Amino acid sequence: MDIREYREYKAEDVLRLYASVGWTAYTDDPAALERGFRHSLLVLAAWEDGELAGLIRAVGDGATIVFIQDILVAPERQRRGIGTALLRAVLERFNGVRQIELTTDDTPETAAFYRSLGFTDFAGLGCRGFMLD
């Protein structure tokens, strides 16, 4: 596995990866997804055998807050450490940032994954998150 910055946006690769995990809110508006990539603080991609295996996208100011917007791994490559490697690479890159946050599915598996990497549920910090619906 090779992790490196994703600098040259290739819609075919990105849309295939997002579609593979069922994130149709992104694939339904490919122009918005591309704009999101271009305005991201950092996008890292994991490559295996010349194919895009996963990626992570961070937004924020890079000094006081970083928000992990997307982290996804192709289904056939999941549970092999790719997501962990991507997230650790972002955490290392922004290790001095006060707040690193993310929003994820409310399942025991995702909670266990993020807890294993040092994340705490907002409720455990006396915080609450809000989002426009």
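Since this is a predicted model, take the numbers as computed values, not measurements. The chain is numbered in sequence order, starting from 1.
- In this structure, Asp29 CG and Thr24 OG1 are separated by 11.5 Å, a value rounded to the nearest 0.5 Å.
- With respect to Lys10 and Glu34, no salt bridge is recorded, no charged nitrogen being found less than 4.0 Å from a carboxylate O.
- Applying the under-4.5 Å side-chain rule to Ile, Leu, Val, Met, Phe, Trp and Tyr, the cluster around Leu72 extends to Tyr6, Tyr9, Val14, Leu15, Leu17, Tyr18, Val21, Trp23, Tyr26, Leu33, Phe37, Val43, Trp47, Leu52, Leu55.
- With a 4.5 Å cut-off between side-chain heavy atoms of Ile, Leu, Val, Met, Phe, Trp and Tyr, the cluster of Val73 takes in Met1, Ile3, Leu41, Leu42, Leu44, Ile56, Val66, Ile68, Ile71, Ile82, Leu86, Leu87, Val90, Leu91, Phe94, Val97, Ile100, Leu102, Phe113, Tyr114, Leu117, Phe119.
- Listed here is the closest heavy atom pair of Ala74 and Ser20: CA-OG, 4.0 Å.
- Between Arg16 and Glu51 the shortest side-chain heavy-atom distance does not fall below 4.5 Å.
- Between Arg77 and Ala53, the shortest heavy-atom distance links the atoms CD-CB, 3.3 Å.
- Between the side chains of Arg98 and Thr64, no donor N or O sits under 3.5 Å from an acceptor N or O.
- Within the model, atoms CD of Gln99 and CD1 of Ile65 stand 4.5 Å from one another, a figure rounded to the nearest 0.5 Å.
- Across Ala123 and Asp121, no two heavy atoms sit closer than the pair N-OD1, 2.8 Å.
- Side-chain atoms of Asp61 come within 3.5 Å of backbone N or O of Ala63 as a donor-acceptor pair.
- For Thr110 (side chain) and Asp106 (main-chain N/O), no donor-acceptor pair under 3.5 Å exists by modelled atom type.
- Taken from CD in Gln69 to CD in Glu101, the straight-line distance is 12.0 Å, to the nearest 0.5 Å.
- In this structure, Glu76 places its CD atom where more than 12 heavy-atom neighbours from other residues, nucleotides or ligands lie under 6.0 Å away.
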